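Since this is a predicted model, take the numbers as computed values, not measurements.
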Amino acid sequence: MATITTTATLSFHSQNPIKTLPSFSLSNIPFSISKTNFTSFTNLSLSIPASKSNNASSPLNRYSRFSCNCISTATPNTNYEFSDSSSEVELRLSLVGLDIQSSRDIFVDADGTSLVVQVQHSGSHITLIETNKMFEKIKPAETIWFIDDDQLVINMKKQDPDLKWPDIVESWESLTAGSMQLLKGASIFLVGDSTEINQKVARELAVGLGYTLLDTQELLETFAKQTIDSWVLAEGSDSVAEAECAILESLSSHVRAVVSTLGGKQGAAGKAYKWQHLYAGFTVWLSQTEALDEDSAKEEARKNVKDRSVAYSNADVVVKLQGWDSDHAKSVAQASLSALKQLILSDKKLPGARQPLFVTAACFFHF
């Protein structure tokens, strides 16, 4: 895999005579891009339109529904070995010191994406591993297990033999490792009303995925040599949005990048007619909400997508946040990445599509 350093130049014209900024040159800013061939959170529920039109005003009538749970509760003291052999995954759990007399002392319950393994020991049940969020779906009816010396071996058939499992559970580590094969280098754009939230979550995603972090606020302020707030006061929010749109046009050709965009009225993503360059990758809307529960948040997200009253509703993934705490930015990043994984698995052609990605997911996150 070759790593190249690329530069870009963008130009835009100020619409306000108070200050003239005829062009921004990005030629002195290197972006290192790696080219390729192409613990606890709330429930994650996704509503995927069966069809969607290029017309933003078209109603979304048909939804295929599925849901998953973002909680990964593998027992902390679990000692296991895990391997993926294409059509099936194998889990080996140590039985040392448990004095297992027969297979009747072992209880294995595998159901879709959940797994519970317990053993009978000294009159009580000991949980060896428990998770309600495996990395992806299995075929429960084809699960087999047996004792091999001092190990319990569990073989589970995968629903999708093409998907490589980095680990048995969906954790931050397995998500970031596993998402690389799904994203295929496609960039991620963070949009929403809060620039701070976009920046914090983008940073966590970039670090976890090993992607380049690009911040449009930082780029704009560097070349304008003034803060966004002073720019808005001098020329208005439309001028800033126009400049950010030019930045996004330049960044749209990059791969393996996480882009944090401006929030609020000054951001290009807040205007539906400036989304053309955001369609170059996957978009995540980090949406603050006053909804009190997950069901209300999901309904709010579905309404956003259906009526298109907010430009951010063009996003592929909606993450609903009730409140905000920067200490939990990594958890929000994990929820976002989990939703993106499910979205891509619903249509593996999405990462290569250079057009609007017409699938929307909703997640509710309560702090």
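- When each of Thr261, Asn314, Leu262 is tested with Val191 by the rule side-chain contact (heavy atoms from CB on, under 4.5 Å), just one qualifies, namely Thr261.
- Between the side chains of Thr195 and Gln217, no donor-acceptor pair is found at a separation under 3.5 Å.
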Assess the residue pair Arg92 and Leu152 against the criterion (side-chain contact (heavy atoms from CB on, under 4.5 Å)); give the C-alpha distance rounded to whole Å, side-chain angles, the decisive distance to 0.1 Å, and a yes or no. CA-CA 6 Å; Arg92 288 178 171 262; Leu152 172 63; over 6 Å; no

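- Ion pairing of Glu88 with Lys157 is present here, as a side-chain N (NZ or NE/NH1/NH2) and a carboxylate O approach within less than 4.0 Å.
- A single hydrophobic cluster is seen to contain both Leu345 and Val284, as judged by linkage of ILVMFWY side chains at heavy-atom distances under 4.5 Å, directly or through other members.
- Looking at Val319 and Val332, their side chains come closer than 4.5 Å, going by heavy atoms from C-beta outward.
- Contact check for Val258 versus Leu190: side-chain heavy atoms found under the 4.5 Å cut-off.
- A salt bridge is absent between Glu294 and Lys320; no separation between the charged side-chain nitrogens and carboxylate oxygens falls under 4.0 Å.
- Salt-bridge annotation for Asp238 and Lys271: present, with a side-chain N of the basic residue lying under 4.0 Å from a carboxylate O of the acidic one.
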Pair Leu209, Leu337 - check side-chain contact (heavy atoms from CB on, under 4.5 Å), show working. CA-CA 10 Å; Leu209 292 170; Leu337 197 55; 4.1 Å; yes

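- Val116 is not connected to Ile147 by any chain of hydrophobic side-chain contacts under 4.5 Å among Ile, Leu, Val, Met, Phe, Trp and Tyr, and they are in different clusters.
- Of all non-hydrogen atoms in Lys139 and Lys158, the two that sit nearest each other are CE-O, 3.7 Å.
- His121 contributes a side-chain N or O that, together with a main-chain N or O of Leu98, makes up a donor-acceptor pair within less than 3.5 Å.
- Proximity of a side-chain donor or acceptor of Thr222 to a complementary backbone N or O of Glu218 within less than 3.5 Å is detected.
- Side-chain contact check for Gln101 and Asp99: at least one donor-acceptor pair (N or O, by modelled atom type) lies under 3.5 Å.
- Summarising the geometry, atom CG belonging to Leu343 is positioned 10.5 Å from atom CG belonging to Leu182; distances are rounded to the nearest 0.5 Å.
- Separation of atoms CG (Leu163) and CD (Glu136) is listed at 6.0 Å; rounding is to 0.5 Å.
- Atom-to-atom distance recorded for Tyr279:OH and Phe189:CZ is 12.0 Å, nearest 0.5 angstrom.
- Residues Leu292 and Gln322 meet the side-chain proximity criterion, which asks for heavy atoms closer than 4.5 Å.
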From CA spacing to verdict: side-chain contact (heavy atoms from CB on, under 4.5 Å), Tyr312, Thr283: CA-CA 9 Å; Tyr312 300 130; Thr283 48; over 6 Å; no

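- A side-chain donor from one of Ser296 and Asp293 sits under 3.5 Å from a side-chain acceptor of the other.
- Cluster membership check: Ile100 does not share its hydrophobic cluster with Phe107, using side-chain heavy-atom separations under 4.5 Å among Ile, Leu, Val, Met, Phe, Trp and Tyr.
- The CG atom of Leu115 sits 13.5 Å away from atom NZ of Lys133, with the distance rounded to the nearest 0.5 Å.
- Checking side-chain atoms of Glu221 against main-chain N and O of Ile228 turns up a donor-acceptor pair under 3.5 Å.
- Taken to the nearest 0.5 Å, the CZ atom of Phe146 stands 6.0 Å off from the CG atom of Asp148.
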Would you sort out whether Thr113 and Ile138 count as a side-chain contact (heavy atoms from CB on, under 4.5 Å), showing the intermediate values? CA-CA 6 Å; Thr113 59; Ile138 62 166; over 6 Å; no

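- Taking 4.5 Å as the limit, some side-chain heavy atom of Tyr80 sits within range of a side-chain heavy atom of Ile168.
- The two atoms that bring Ala243 and Leu220 nearest to each other are CB-CD2, 3.6 Å, heavy atoms only.
- Not a single donor-acceptor pair under 3.5 Å links the side chain of Ser338 to the backbone N or O of Ala335.
- For the pair Ser313 (side chain) and Val310 (backbone), a donor-acceptor distance under 3.5 Å is present.
- Between Leu251 and Leu219 the shortest side-chain heavy-atom distance falls below 4.5 Å.
- Considering all non-hydrogen atoms of both residues, Ser87 and Pro161 come closest at CA-CB, 4.0 Å.
- Residues Ser230 and Gln226 have side chains that bring a donor and an acceptor to within less than 3.5 angstrom of each other.
- Gln181 places a side-chain N or O within 3.5 Å of a backbone atom of Lys164 that can act as its donor or acceptor partner.
- The aromatic rings of Phe82 and Trp165 sit parallel to each other, their planes meeting at less than 30°, with 60° as the upper class boundary.
- Side-chain contact between Leu183 and Ile188 is present, with at least one heavy-atom pair separated by less than 4.5 Å.
- Contact between Met134 and Ser114 at its shortest, heavy atoms only, is CE-O, 3.5 Å.
- Counting all heavy atoms, side chain and backbone alike, Leu286 lies closest to Ser336 at CD2-OG, 3.9 Å.
- Annotation: side chain of Glu90 is not in contact with side chain of Ser85 (no heavy-atom distance under 4.5 Å).
- Electrostatic pairing of Lys303 and Glu300 does not count as a salt bridge here, judged by no charged N lying under 4.0 Å from a carboxylate O.
- A donor-acceptor pair is defined here as one N or O able to donate and one able to accept, closer than 3.5 Å; such a pair exists between the side chain of Trp275 and the backbone of Ala269.
- Checked by atom type and distance alone, the side chain of Ser174 pairs as donor or acceptor with a backbone atom of Val169 at under 3.5 Å.
- Of the N and O atoms on the side chains of Ser194 and Gln288, not one donor lies less than 3.5 Å from an acceptor on the other residue.
- Neither Val153 nor Ile129 shares a network with the other; the hydrophobic side chains, linked directly or stepwise wherever heavy atoms of I, L, V, M, F, W or Y lie under 4.5 Å apart, form separate groups for each.
- With Asp347 contributing its side chain and Ile344 its backbone, the two residues share no donor-acceptor pair below 3.5 Å.
- Side chains of Gln151 and Glu81: a donor-acceptor N/O pair is present below 3.5 angstrom, by distance only.
- With hydrogens and angles left out, the side-chain atoms of Thr216 and Glu244 include a donor and acceptor closer than 3.5 Å.
- In summary, the side chains of Asn198 and Ser260 do not present any donor paired with an acceptor at a separation below 3.5 Å, with no hydrogens or angles considered.
- Heavy atoms of other residues, nucleotides or ligands lying less than 6.0 angstrom from NZ of Lys200 number 12 at most.
- When atom types are taken as modelled, the side chain of Tyr211 and the backbone of Ala186 share a donor-acceptor pair closer than 3.5 angstrom.
- Figure legend: Lys341 and Phe135 shown as a cation-pi pair, the cationic atom lying under 6.0 angstrom from the six-membered ring centre and within 45 degrees of its axis.
- Ile144 and Val108 are members of different hydrophobic clusters when ILVMFWY side chains are connected at heavy-atom separations under 4.5 Å.
- Side-chain contact check for Leu91 versus Trp145: every heavy-atom pair is 4.5 Å or farther apart.
- Taking both residues in full, the closest heavy atoms of Gln334 and Ser171 are given as NE2-C, 3.8 Å, listed atom of the first, atom of the second, then distance.
- Here Ser287 contributes atom OG and Ile197 contributes atom CD1; the two are 9.5 Å apart, rounded to the nearest 0.5 Å.
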